[in-house]
Colleague: 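Pasting a structure below so you can have a look.
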2 protein chains.
Amino acid sequence: MAAPCDTPSRILDAAERLFADRGIAATSLREITREAGVNLAAVNYHFGSKDGLIRELVRRRFSAVNEARLEALARLEAEYSPAPIPIEKLVRAFLEPAMRHFGEEDSAFPRFVGRLHLDPYPGMLQELRGAFLPVLERFLGPLQRVLPEVPRPVLFLRTFLMMGSLIHLLSNLRKHAEIFPACADALRDPDRILDELVGFAAAGLRHD
Amino acid sequence: MAAPCDTPSRILDAAERLFADRGIAATSLREITREAGVNLAAVNYHFGSKDGLIRELVRRRFSAVNEARLEALARLEAEYSPAPIPIEKLVRAFLEPAMRHFGEEDSAFPRFVGRLHLDPYPGMLQELRGAFLPVLERFLGPLQRVLPEVPRPVLFLRTFLMMGSLIHLLSNLRKHAEIFPACADALRDPDRILDELVGFAAAGLRHD
DNA sequence: GTCAGTTTAGAACAAACGTTCGATTTGTCC
DNA sequence: GGACAAATCGAACGTTTGTTCTAAACTGAC
């Protein structure tokens, strides 16, 4: 958080935190402005509307994740070309940017990124698709090259299942861990969790 | 759907369909009653409140899925005991009941079951946990027996990731397939999709 | 100090929400 | 056929929603 002082940043941070916890449609502007300590009208003044606020949040977070994914992929291609990139490297390049700040206390970033994928807020789906589809297609190429025996539609489906694991992890692990205190200790280390996710997804992608 | 005629069933079906598409918090009683072709007050008359309606839906669907899971597991234990149950069989026993009716036209059941897991409607989380935790613990035992080398917390985490794949598949595959028409054809067969999901999850659970 | 431009404050808006109520219709037994 | 319960209906309840408006407070340049 780092406690920014200007009103727009206070609104964005509060909105991200509340959206991550309660969902987008279920969070009102009054809750956001109360949490941010600013006036109700400030949202419409700075962002035009609730939709505008959401779009700005998407730009700030989701787009950043996707750009980081593409950069990581570009680095891998530069490193391995013309050889195919190992599947674990590809998977990690895709998953790690979304997991950033996962272990930090009170960081709503990963939970919000997860919720972005699954909250069907009207008009946001197209925006998400527009930002995500190019990334998916960009990864499917190198993925197909290391897994030539897997048919394209099947590879698409498996990538889709990997997405589900990531989103579920981002959105719900914290809450679920609270009910399994015995497991919570072992699942505290974010690097370890990322390793597990990468291993799980890579094995699922290449199985049989 | 089978077009039931009595009002409560019409409400339940319409609510399930709309909840699956737009989310629970984002769907109003007026939309539900309009879609069902009944009066607005009918919801509160038959179910007491919107919460009551949701609880009834959970009972009707989520509980049924979990009971089917336990029955499938019991059948496997009777078949294999005292030998450990193969991991693919275990995974399929867990995933198949939720995927039921997946390929049927206009069946909101799987999408709704998926949404049940991820929509943070107040008070529903506890109800879901109460119905799901016993099932999870019931499966973790046999799972641990076929994967003795995997530490318990790690096994819990991998099961969690499998849940994510399932939920994402149930909730979003239909919509995502619409944007990938080339893949939509190959992903039409629900049995094939279930096989892929089982293979993906089983490989992820046992990897390394 | 003054003035233009930007930001914030409080109050109010129409619309939509879940819920409640009394009247009306429907169905069923005597 | 009349009577009683169950079900449906239309209308309204009080809240809460996102949004808008105008006045007040602040900011920096001259």
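Numbered from 1 within each chain, the chains take letters A, B, ... in sequence-line order. Only a predicted model underlies this, so the values are computations on that prediction, with no experimental measurement involved.
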Colleague: Taking G141(B)'s backbone N and O only, do any of them form a donor-acceptor pair with Q144(B)'s side chain (distance below 3.5 Å, no angle check)?
Modeller: no

Colleague: When we call it a touch if two heavy atoms are under 4.0 Å apart, what does T27(B) touch: a base, just sugar-phosphate, or nothing?
Modeller: sugar-phosphate

Colleague: Can you pull out every salt bridge (charged side-chain N to carboxylate O under 4.0 Å, His left out) where at least one residue sits in residues 61-71 of chain B? Sequence neighbours excluded, please.
Modeller: E16(B)-R61(B)

Colleague: Just how far, in rounded Å, is P of dT26(C) from CG of D6(B)?
Modeller: 18 Å

Colleague: For the pair R111(B) (side chain) and L170(B) (backbone), establish whether a donor and an acceptor sit closer than 3.5 Å, ignoring hydrogens and angles.
Modeller: no

Colleague: Between R10(A) (side chain only) and A36(A) (backbone N and O only), is there a donor and an acceptor less than 3.5 Å apart?
Modeller: yes

Colleague: Under 4.0 Å between a side-chain N or O of H46(A) and OP1 or OP2 of dT8(C)?
Modeller: yes

Colleague: Mind checking what makes side chain to side chain donor-acceptor pair (under 3.5 Å) contact with E35(B), not counting sequence neighbours?
Modeller: R17(B)

Colleague: With a cut-off of less than 4.0 Å, is there a side-chain N or O of T7(A) near OP1 or OP2 of dT7(C)?
Modeller: no

Colleague: Please report the distance, rounded to the nearest Å, between CZ in R30(B) and C1' in dT17(D).
Modeller: 13 Å

Colleague: Between P on dA6(D) and CZ on F47(B), what's the gap in Å once rounded to a whole number?
Modeller: 17 Å

Colleague: Does some side-chain heavy atom of L90(A) sit less than 4.5 Å from a side-chain heavy atom of L205(A)?
Modeller: no

Colleague: In whole angstroms, how far is the P atom of dA24(D) from the CG atom of N39(A)?
Modeller: 15 Å

Colleague: Before we go on, tell me: are the rings of H168(A) and F160(B) under 6.0 Å apart, centre to centre?
Modeller: yes

Colleague: Distance check needed: dC17(C) P versus K50(B) NZ, whole Å only.
Modeller: 9 Å

Colleague: With respect to the phosphate group of dT16(D), does any side-chain polar atom (N or O) of S28(A) fall under 4.0 Å of OP1 or OP2?
Modeller: no

Colleague: To the nearest Å, how far apart are R34(B) CZ and dA16(C) P?
Modeller: 10 Å

Colleague: Provide, to the nearest angstrom, the distance between the CG atom belonging to L29(A) and the P atom belonging to dT16(D).
Modeller: 15 Å

Colleague: Quick one: I54(A) CD1 to dT19(D) C1', roughly how many Å, whole number?
Modeller: 14 Å

Colleague: Find every protein N or O atom lying less than 3.5 Å from an N or O atom of nucleotides 20-22 of chain D, and list the pairs.
Modeller:
none

